[in-house]
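Structure, as structure tokens:
Everything numeric in this text was worked out from a predicted model, so none of it was measured. Note on naming: letters A, B, ... go to the chains in the order of the sequence lines (proteins, then strands), and numbering restarts at 1 for each one. Below, all heavy atoms of this structure are taken into account, side chains as well, without hydrogens, waters or symmetry copies.
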Amino acid sequence: MNKNTSADFLKGVKIAFPVIIGYIPLGFACGVVLQSAGLTVLQIALMSLLVFAGAGQYIAAGMIVASSPLTIGITIFIINLRHILYTSSLIPYIGKWTSVKKYIFASEITDETFALHSSMLKENETLNYNQAMGINIASHSAWVLGTILGAILGSVIPSEEAFAIDFALPALFIALILPRLTHRPQLVAAVIATILTIIFTSLDMSYGGVILTAVLTSIITYIIFESKK
Amino acid sequence: MSDFNIYLTIILMAVFTYATRIIPLIVIRKRKLGEKTVKILSFIPVSILTSLLVYDILFHDVNGKRELYLSLDNDRIIASVITFIIGYTTKNFYVTVIGGILSLIIMRQIIGY
């Protein structure tokens with residue numbers, strides 16, 4: 001690593017700080033659940049390393065006793081379909097990277113790392129690869145560490161609620177949404193997304209509703225603001 | 001589940017999840033995205049972040065189903081409003097995140113909300 005590379009990488013690690021704070025306790029809780037589903041510490045660590053998908057791993061824990069590996073795999077695929085939107089919306093900003101870099105980078109895209117990357121985007125500019133990888137690797141490490149701790153210390157769980165750990169990621173999302181709202185189309189998109197999510201979630205669409213909300217909101221907002229030009 | 005099946009499950013989960021992350025790289029690789037597509041995609045981050053937030057904060061699990069939880073008993077709604085106000089006034093990213101979490105800790109620990 002030359003000096004610039006490591007400086008950019010460390011900057012990414014610093015940007016990832018709020019996600020790290022959220023991932024360790026969330027990973028811990030996930031580790032506890034996976035351990036009580038019968039997985040060993042090694043298996044849990046391996047899963048966090050290779051899969052790195054919070055909601056998916058929680059759901060796998062609930063299924064692992066009674067479902068076949070293929071059923072679990074397909075369920076996880078459907079739950080994680082929203083990743084398609086993430087990578088798609090980042091493509092214009094990573095077009096100049098080599099293919100290998102793109103495929104390595106994409107392997108660590110989650111709700112939270114995507115949220116951080118999307119806050120770094122500037123029109124017609126390419127993302128800084130080393131900084132992006134700093135964000136990814138720091139977040140992923142926190143997740144792996146959290147789940148291992150949960151797997152080992154599962155029996156002595158501190159109260160997650162008392163320390164508002166369940167609010168770490170929502171607070172992060174609010175901090176990331178806010179600066180966008182000064183831009184009128186983005187504000188309108190947030191309002192439309194709120195309404196659609198309430199409707200779809202009430203219809204019991206789960207994460208499918210989140211995906212549909214994002215797609216419909218983006219198209220509707222585009223039609224309202226851009227099609228007139 | 002046997003050890004073999006657990007490892008098989010982990011491998012399948014990894015492959016299927018990686019697929020969701022790289023499908024766009026395979027499908028859209030050859031052409032440059034049009035201006036219209038880029039514009040539409042620029043609304044994805046705010047839409048999905050808002051959607052995940054609403055899904056998480058305004059709803060809760062009741063017997064495995066998400067149900068609307070619009071009530072003053074939902075302390076996370078109040079904490080969200082406080083977080084928005086902190087963010088709006090300070091315009092500081094870290095102060096917003098930490099202030100938001102602290103507000104909920106104070107509500108739960110000190111006020112006993």
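When each of Gly73(A), Ala193(A), Gly56(A), Ala37(A) is scored by its heavy-atom pairs under 4.5 Å with chain B, the top score falls to Gly73(A). Of the listed residues (Leu68(B), Ile98(B), Ile10(B), Leu12(B)), the greatest number of heavy-atom pairs within a distance under 4.5 Å of chain A belongs to Ile10(B). For chain A, the option among Leu58(B), Ile6(B), Ile23(B) with the highest count of heavy-atom pairs below 4.5 Å is Ile6(B). The most heavy-atom pairs under 4.5 Å with chain A, out of Val54(B), Asn92(B), Thr96(B), come from Val54(B). The greatest number of non-hydrogen atom pairs below 4.5 Å with chain B, out of Phe200(A), Phe77(A), Tyr86(A), Phe17(A), is found for Phe77(A). Interface check for chain B: of the options Leu172(A), Thr110(A), Leu49(A), the most heavy-atom pairs under 4.5 Å are formed by Leu172(A). Of the residues considered (Leu187(A), Leu39(A), Thr87(A)), Thr87(A) shows the highest number of contacts with chain B, using heavy-atom pairs under 4.5 Å. Contacts with chain B were tallied for Ile76(A), Leu178(A), Ile174(A), Asn80(A); Ile174(A) has the most, counting heavy-atom pairs under 4.5 Å. With chain B as partner, the option from Gly95(A), Pro18(A), Ala189(A) having the largest number of non-hydrogen pairs under 4.5 angstrom is Pro18(A). Between chain A and the options Ala79(B), Ser103(B), Gly87(B), Gly99(B), the largest number of non-hydrogen pairs under 4.5 Å is found for Ala79(B).
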- Message: Apply side-chain contact (heavy atoms from CB on, under 4.5 Å) to residues Phe167(A) and Thr83(B) and explain how you reach the verdict.
- Response: CA-CA 10 Å; Phe167(A) 195 64; Thr83(B) 311; 3.4 Å; yes

- Verify side-chain contact (heavy atoms from CB on, under 4.5 Å) between Ser88(A) and Ile28(B), making sure each step is shown before the conclusion. CA-CA 8 Å; Ser88(A) 302; Ile28(B) 330 183; 4.3 Å; yes

- Query: Which is it for Gln57(A) and Met13(B) under the side-chain contact (heavy atoms from CB on, under 4.5 Å) test, yes or no, and what are the steps along the way?
  - Reply: CA-CA 9 Å; Gln57(A) 288 180 237; Met13(B) 283 173 70; 4.2 Å; yes

- Task: Evaluate side-chain contact (heavy atoms from CB on, under 4.5 Å) for Leu50(A) paired with Tyr18(B), printing each intermediate quantity in order.
- Result: CA-CA 9 Å; Leu50(A) 297 180; Tyr18(B) 189 51; over 6 Å; no

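Put simply, OG1 on Thr50(B) and CD1 on Ile195(A) are 11.5 Å apart, with the number rounded to the nearest 0.5 Å. Once rounded to the nearest 0.5 Å, the distance linking CG of Leu49(B) with OG of Ser118(A) reads 5.5 Å. For the atom pair Ile48(B) CD1 and Phe114(A) CZ, the distance stands at 7.0 Å (nearest 0.5 Å). Atom-to-atom distance recorded for Thr20(B):OG1 and Ile109(A):CD1 is 9.5 Å, nearest 0.5 angstrom. In this structure, the separation between OG on Ser47(B) and CG on Leu212(A) is 11.5 Å, given to the nearest 0.5 Å. How far OG1 of Thr217(A) is from CZ of Phe43(B): 10.5 Å, rounded to the nearest 0.5 Å.
Contact check for Lys39(B) versus Phe225(A): no side-chain heavy atoms found under the 4.5 Å cut-off. Residues Arg180(A) and Pro45(B) are in side-chain contact: their nearest non-hydrogen atoms beyond the backbone lie under 4.5 Å apart.
Proximity to chain B is absent for every atom of Pro179(A), based on heavy atoms less than 4.5 angstrom apart. Contact of Leu34(A) with chain B is not made at all, since no heavy-atom distance falls under 4.5 Å. Interface remark: Phe93(B) contributes backbone and side-chain atoms alike to the contact with chain A (heavy atom separation under 4.5 Å). Contact annotation for Leu121(A): neither backbone nor side-chain heavy atoms come within less than 4.5 Å of a heavy atom of chain B. Residue contact with chain B, scored on non-hydrogen atoms closer than 4.5 Å, involves the backbone and the side chain of Ile198(A) alike. Contacts between Ile44(B) and chain A at a heavy-atom distance below 4.5 Å involve backbone atoms as well as side-chain atoms. Within the 4.5 angstrom heavy-atom criterion, atoms from both the backbone and the side chain of Leu70(A) approach chain B. Only the side chain of Asp56(B) comes within contact range of chain A, with at least one heavy atom under 4.5 Å from a heavy atom of that chain.
Between the side chains of Ser51(B) and Thr197(A), a donor-acceptor pair is found at a separation under 3.5 Å.
Residues in residues 83-96 of chain A take part in no salt bridge (Lys or Arg N to Asp or Glu O under 4.0 Å) pair, two or more places apart or across chains.
Under the ring-ring contact (aromatic ring centres under 6.0 Å, His included) criterion, His183(A) pairs with no residue at all, not counting sequence neighbours.
More than 12 non-hydrogen atoms from other residues, nucleotides or ligands lie less than 6.0 angstrom from NZ of Lys91(B). Around atom OH of Tyr7(B), more than 12 heavy atoms belonging to other residues, nucleotides or ligands sit under 6.0 Å away. When the shell of 6.0 Å around OH of Tyr94(B) is examined, it contains more than 12 heavy atoms from other residues, nucleotides or ligands.
Here the closest heavy-atom approach between residue Arg66(B) and residue Asp204(A) is recorded as N-OD1, 4.3 Å. Taking all atoms of both residues into account, the shortest heavy-atom contact from Arg76(B) to Pro170(A) is NH2-CG, 4.0 Å. Between Ser42(B) and Gln186(A), the shortest heavy-atom contact is O-NE2, 3.4 Å. Counting all heavy atoms, side chain and backbone alike, Ser67(A) lies closest to Met1(B) at O-CE, 3.1 Å.
Between the side chain of Arg21(B) and the backbone N or O of His83(A) there is no donor-acceptor pair closer than 3.5 Å. Under the 3.5 Å distance criterion, the side-chain polar atoms of Thr17(B) are left unmatched by any main-chain donor or acceptor of Val51(A).
For Tyr55(B) and Tyr207(A), the ring centers are positioned less than 6.0 Å apart.
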